Visitor: 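Pasting a structure below so you can have a look.
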Amino acid sequence: MTQQVVVLGSTGSIGQSTLDVIARNRALYQVFALVAGTNVEKLVEQCIVHQPQFVVLSEASYANTFKSLLKQSPINPVPTVLSGVQAMREIAAHDDVDIVMAAIVGAAGLLPTLSAVEAGKKVLLANKEALVMTGRLFMDKVRKYNATLLPIDSEHNAIYQCLPVNLQKKHDALLSDHGVSKILLTGSGGPFLNRDIDTLASVTVSEAVSHPNWSMGQKISVDSATMMNKGLEFIEAKWLFNCEVDDIEVVIHPQSMIHSMVQYRDGSVIAQLGQPDMRTPIAYGLAYPERIDAGVAPLDFSKLANFSFMKPDFTRYPNLRLAMEACKVGQAATTTVNAANEVAVSAFLQGKIGFCDIYRVNEQTLTKQSGSDARSLDAILEIDRQARRLANDIINELR
Ligand code: NAD
Ligand code: MG
């Protein structure tokens with residue numbers, strides 16, 4: 001039977017890759033709704049191809065622009081156009097929906113993703129910030145509402161593929177009870193792996209968003225350059241795979257062909273390999289436990305250069321260390337780091353602060369932040385707001 005899919009963040013990098021995989025597998029998936037922030041032109045193009053029943057935009061003004069563009073476009077049937085977070089939540093939880101791709105960037109994706117979880121949907125999680133912000137609360141809801149949670153972040157998708165089925169299906173099972181001794185989280189090191197550290201302060205926006213292997217949205221590209229992305233992924237892995245910080249090791253692998261590995265007690269290491277193309281994990285998530293065509297070329301081992309591996313250098317990547325330390329401290333710290341980093345990266349992209357200031361903002365926000373009890377959603381959202389205020393104050397002092 002055709003499964004109905006909601007794509008949260010359809011106009012972004014992951015959203016577009018998701019629609020590409022769906023287009024290759026039309027007999028299996030139908031787009032029920034497209035949800036996006038501001039890019040109305042792209043949404044119109046997507047509606048022409050995918051004919052969703054609903055379209056949701058972040059704000060009423062964008063919804064109005066979208067409606068006027070719709071009138072000039074050959075779209076039949078015409079979708080119902082809505083706006084705002086509440087509409088996103090209702091659409092993500094709609095009775096007719098089977099699968100929700102959570103690919104809005106940042107904290108903006110949290111509430112619609114939680115609604116999909118609470119409605120017991122099959123949730124494909126790209127929006128790592130949602131899990132970093134809410135950790136235990138998120139995973140408790142997955143269990144309580146019997147949602148199916150599939151990681152789309154390529155590393156976590158790789159780890160998931162390398163785990164025994166019993167661990168894939170039980171979010172509260174212990175790795176050690178299933179023979180797993182370590183999760184090896186790989187990362188490319190980003191565009192500045194070999195750059196002279198003394199010149200990092202002068203990194204420009206275009207240098208920071210040019211990833212050597214992956215094509216991604218702006219925020220995650222900057223996060224990859226600072227390796228805060230790997231820090232967020234470290235926290236993400238702790239929650240997804242129910243483990244402690246000592247169970248996860250970050251390994252630099254500049255070629256981005258091995259997407260992560262799982263080490264077992266008997267000495268075996270299982271790795272997942274593939275092209276650096278997000279359509280592979282997206283197709284895996286859509287079809288799980290089956291396999292479908294993703295449009296990704298097979299690896300040609302005769303053409304692969306040597307694989308290399310190294311430990312991360314925390315002097316080069318202080319944000320990675322900061323996130324790993326926050327992970328040890330607990331939920332309030334990880335919510336704070338995530339919020340500060342979103343504010344800092346946005347300020348960097350707008351040219352308000354330098355590349356190395358991203359760390360300064362994150363570190364100082366974490367030092368000044370005072371909240372500790374982060375169990376309820378309200379408490380978490382309050383810590384998030386407080387961290388954003390602090391980060392903005394620090395940015396104003398830096399300028
Ligand atoms: P992107 O910037 O390309 O796209 C973001 C999407 O979110 C857009 O569709 C945008 O319209 C939408 N959006 C932003 N604010 C919104 C709001 N307030 N309401 C509704 N929609 C809003 O980002 P991306 O690279 O596609 O990344 C999306 C998520 O997936 C991020 O959390 C990222 O960390 C994660 N991720 C991305 C990749 C990748 O290869 N791009 C890999 C792993 C994980
Ligand atoms: Mg990743």
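Along the sequence shown, the residues carry numbers beginning at 1. Side-chain atoms are counted along with the backbone in the values below, which use heavy atoms only and exclude waters and symmetry mates. Predicted model, so just to flag it, every value in this text is computed and none were measured. When a ligand or atom number is given, it counts from 1 through the structure's own listing order.
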Visitor: Atoms of ligand 1 less than 4.0 Å from Thr11 heavy atoms?
Guide: 8 (C), 9 (O), 10 (C), 11 (O)

Visitor: Say whether Gln16 and ligand 1 are in contact under the criterion: heavy-atom distance to a ligand atom below 4.0 Å.
Guide: no

Visitor: With only distance considered, is Met88 within less than 3.5 Å of ligand 1 through an N or O on each side?
Guide: no

Visitor: For the 3.5 Å polar cut-off, considering only N or O atoms, please tell me whether Gly37 and ligand 1 meet it.
Guide: yes

Visitor: Atoms of ligand 1 less than 4.0 Å from Ile14 heavy atoms?
Guide: 26 (O), 30 (O), 37 (C), 38 (C), 39 (C), 40 (O), 41 (N), 42 (C)

Visitor: Of Ser215, Ser17, Gly9, Gly12, which has the heavy atom at the shortest distance from atom 4 (O) of ligand 1?
Guide: Gly12

Visitor: Between Gln30 and Thr2, is there a side-chain donor-acceptor contact under 3.5 Å, judged purely by atom types and distance?
Guide: no

Visitor: Side chain, backbone, both or neither: which part of Glu129 comes within less than 4.0 Å of ligand 1 when only heavy atoms are counted?
Guide: side chain

Visitor: Go through ligand 1 atom by atom and flag the ones less than 4.0 Å from a non-hydrogen atom of Ala126.
Guide: 30 (O), 32 (O), 35 (C), 36 (N), 44 (C)

Visitor: Is the His259 ring parallel, tilted or perpendicular to the Trp214 ring (thresholds 30°, 60°)?
Guide: tilted

Visitor: Ring-plane angle category for Phe355 and Phe348, please: parallel below 30°, perpendicular beyond 60°, tilted otherwise.
Guide: perpendicular

Visitor: For Thr335 and Gln369, does a side-chain donor sit closer than 3.5 Å to a side-chain acceptor?
Guide: no

Visitor: Is there a polar contact between ligand 1 and Asp153, counting only N or O atoms under 3.5 Å apart?
Guide: no

Visitor: Starting from atom 34 (O) of ligand 1, which protein heavy atom do you reach first, and at what distance in Å?
Guide: Lys128 CE, 3.2 Å

Visitor: Pick whichever of Leu125, Val35, Val105, Leu8 has a heavy atom sitting closest to atom 5 (C) of ligand 1.
Guide: Val105

Visitor: Heavy atom under 4.0 Å from ligand 1: found in Ser13's side chain, backbone, both, or neither?
Guide: both

Visitor: Would you call Lys328-Glu325 a salt bridge at under 4.0 Å N-O?
Guide: no

Visitor: Within a distance under 4.0 Å of any heavy atom of Ala36, pick out the atoms of ligand 1 and give their elements.
Guide: 11 (O), 20 (C), 21 (N)

Visitor: Measuring from non-hydrogen atoms of Lys219 to any atom of ligand 1, is the shortest distance under 4.0 Å?
Guide: no

Visitor: Please confirm whether Asn127 comes under 4.0 Å of ligand 1, counting heavy atoms of the residue only.
Guide: yes

Visitor: Does any part of the side chain of Val5, heavy atoms only, come nearer than 4.5 Å to the side chain of Phe32, both counted from C-beta?
Guide: no

Visitor: Under the salt bridge (Lys or Arg N to Asp or Glu O under 4.0 Å) rule, what do Asp393 and Arg389 come out as? Steps first, then yes or no, please.
Guide: CA-CA 6 Å; Asp393 291 348; Arg389 278 195 299 271; over 6 Å; no

Visitor: Can we say Arg24 and Asp20 salt-bridge, meaning some charged N sits less than 4.0 Å from an Asp/Glu carboxylate O?
Guide: yes

Visitor: Would you mind reporting whether Trp239 and Val132 have side-chain heavy atoms less than 4.5 Å apart?
Guide: no

Visitor: Using a 4.0 Å heavy-atom cut-off, say whether Ile220 meets ligand 1 through its side chain, its backbone, both or neither.
Guide: side chain

Visitor: Give me the nearest non-hydrogen protein atom to atom 13 (N) of ligand 1 as residue plus atom name, then the distance to 0.1 Å.
Guide: Ile104 CG2, 3.8 Å

Visitor: Using distance alone, with no hydrogens and no angle criterion, decide if Asn319 and Asn341 have a side-chain donor and acceptor under 3.5 Å apart.
Guide: no

Visitor: Would Asn39 and Thr11 count as having a side-chain donor-acceptor pair, cut-off 3.5 Å?
Guide: no

Visitor: Do Gln168 and Val165 come within less than 4.5 Å of each other through their side chains, counting heavy atoms only?
Guide: yes

Visitor: I want to verify a count. Protein N, O or S atoms less than 2.8 Å away from the Mg ion (ligand 2), how many are there?
Guide: 3

Visitor: Taking distance alone, no hydrogens or angles, what donor-acceptor pairs closer than 3.5 Å link side-chain atoms of residues 70-88 to residues at least two apart or in another chain?
Guide:
residue: Gln72; atom: NE2; partner: Ser68; partner atom: O; Å: 3.4
residue: Ser73; atom: OG; partner: Leu69; partner atom: O; Å: 2.9
residue: Gln86; atom: NE2; partner: Glu90; partner atom: OE2; Å: 3.1

Visitor: Determine the interplanar angle of the Tyr284 and Tyr288 rings, folded into 0 to 90°, and report it as parallel if under 30°, tilted if 30 to 60°, perpendicular if over 60°.
Guide: tilted

Visitor: Thinking salt bridges, do Glu342 and Lys128 make one under a 4.0 Å N-O criterion?
Guide: no

Visitor: Of the side chain and backbone of Met278, name the one, both, or neither that has a heavy atom under 4.0 Å from an atom of ligand 1.
Guide: side chain

Visitor: Tell me the protein heavy atom at minimum distance from atom 28 (C) of ligand 1, and give that distance in Å.
Guide: Ala103 O, 3.4 Å

Visitor: For atom 2 (O) of ligand 1, what is the closest protein heavy atom, and at what distance to 0.1 Å?
Guide: Gly217 CA, 3.9 Å

Visitor: Considering both backbone and side-chain atoms of Ala108, is one of its nitrogen or oxygen atoms within less than 3.5 Å of a nitrogen or oxygen in ligand 1?
Guide: no

Visitor: Mind checking whether Pro254 and Ser308 have side chains closer than 4.5 Å, heavy atoms only?
Guide: yes

